[in-house]
Amino acid sequence: MPVLPSGYSIRRVESSDYEGVVETLKVLTVVGDVTKEQFEETVAYWNEVTVKSKGESMKAYNPHVITDDSGKVVATGNVFIERKVLHDCGLVGHIEDIAVAKNQQGKKLGQLLIEHLSDLALSRGCYKVILDCDEKNVGFYQKCGYSIKGVEMDRRS
Ligand code: ACO
């Protein structure tokens with residue numbers, strides 16, 4: 001398993017990460033005109049929402065960033081923990097919104113981020129961790145230990 005290059009670190013998203021997270025997410029898709037206030041409100045919401053399992057409460061949203069030696073955000077991603085009825089009211093982790101800044105791709109930061117988020121979900125008791133991705137990223141997720149299961153579908157407004 002690769003380790004973070006020297007100077008890089010990984011931590012939970014903070015409300016001060018507005019510019020870094022919004023800029024980084026632009027490599028993934030349209031972010032829209034998200035204001036600093038909207039971002040801060042979203043981070044506060046992520047920090048508030050909990051999921052309870054086997055008498056233990058934990059944060060449902062687990063947004064993370066990787067920063068470089070100057071503290072700049074260079075990658076971001078989230079794992080959401082859902083409680084189900086299935087599997088004895090088990091927990092499932094959903095990996096969401098993974099993005100590595102264009103000039104930082106190819107340094108194993110994406111793989112490290114997926115490893116970190118997957119370990120976090122599994123250590124909280126999730127019986128599986130799942131994600132949806134584009135065909136072009138299948139090879140990346142296979143390198144991260146994920147396998148193809150089923151078909152992704154959506155319906156939009
Ligand atoms: N297809 C096949 N293999 C890949 C791909 C790919 N698209 N991208 C990376 N790999 C391989 C690398 O070559 C490397 O292989 P190696 O171990 O043999 O050297 C391994 O996967 C790990 O690569 P990383 O360096 O960790 O990849 P990187 O840091 O560049 O992150 C990512 C990959 C996240 C796909 C990045 O390119 C990115 O941000 N792309 C744009 C946004 C995006 O598509 N995000 C994923 C959305 S899906 C979701 O959010 C659930």
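Every number for a ligand or one of its atoms is a count from 1 in the order of the listing.
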For Asn78 against Leu117, the heavy-atom pair lying closest together:
N-CD1, 3.7 Å

Among protein heavy atoms, which sits nearest to [atom], and what does the distance come to when rounded to 0.1 Å?
atom                    : value
atom 18 (O) of ligand 1 : Lys143 NZ, 2.8 Å
atom 9 (C) of ligand 1  : Phe140 CD1, 3.7 Å
atom 41 (C) of ligand 1 : Val27 O, 3.7 Å
atom 40 (N) of ligand 1 : Gln105 NE2, 3.7 Å
atom 30 (O) of ligand 1 : Gly106 N, 2.9 Å
atom 35 (C) of ligand 1 : Asn137 OD1, 3.6 Å
atom 47 (C) of ligand 1 : Leu28 CD1, 3.5 Å

Going by the order shown, which atoms of ligand 1 are within less than 4.0 Å of some heavy atom of [X]?
X      : value
Leu109 : 26 (O), 29 (O)
Gly139 : 2 (C), 3 (N)
Asp97  : 50 (O)
Lys107 : 25 (O)
Ala99  : 39 (O)

Can you find a side-chain donor-acceptor pair between Ser118 and Tyr146 that sits under 3.5 Å?
yes

Between Glu48 and Tyr61, is any side-chain donor less than 3.5 angstrom from a side-chain acceptor?
no

Give yes or no for whether the N/O distance cutoff of 3.5 Å, strictly under, is met between [X] and ligand 1.
X      : result
Gly110 : yes
Ile98  : yes
Asp132 : no
Ile95  : no
Val100 : yes

Using the rule that Ile, Leu, Val, Met, Phe, Trp and Tyr join whenever any side-chain heavy atoms are under 4.5 Å apart, tell me whether Val129 and Phe140 fall into a single cluster.
yes

If hydrophobic clusters are built by linking Ile, Leu, Val, Met, Phe, Trp and Tyr wherever their side-chain heavy atoms come under 4.5 Å apart, do Tyr45 and Val34 end up in the same one?
yes

Any side-chain heavy-atom pair of [X] and [Y] under 4.5 Å:
X      : Y      : result
Ser147 : Gln142 : no
Val43  : Glu41  : no
Thr50  : Met58  : no

Asp68 (side chain) donor-acceptor with Gly71 (main chain) under 3.5 angstrom:
yes

Ignoring hydrogens and angles, tell me if any N or O in the side chain of Arg124 forms a donor-acceptor pair with the backbone of Ile81 under 3.5 Å.
no

Do NZ/NE/NH1/NH2 and the carboxylate oxygens of [X] and [Y] come within less than 4.0 Å?
X     : Y     : result
Arg11 : Asp17 : yes
Lys36 : Glu40 : yes
Arg12 : Glu14 : no

Test of understanding: given a 4.0 Å heavy-atom threshold, classify the contact between [X] and ligand 1 as side chain, backbone, both, or neither.
X      : result
Lys136 : backbone
Tyr141 : side chain
Leu113 : neither

Within a distance of under 4.0 Å, is there any protein heavy atom near atom 13 (O) of ligand 1?
no

Heavy atom to atom 19 (O) of ligand 1, shortest distance: which of Gln111, Lys108, Glu115 holds it?
Lys108

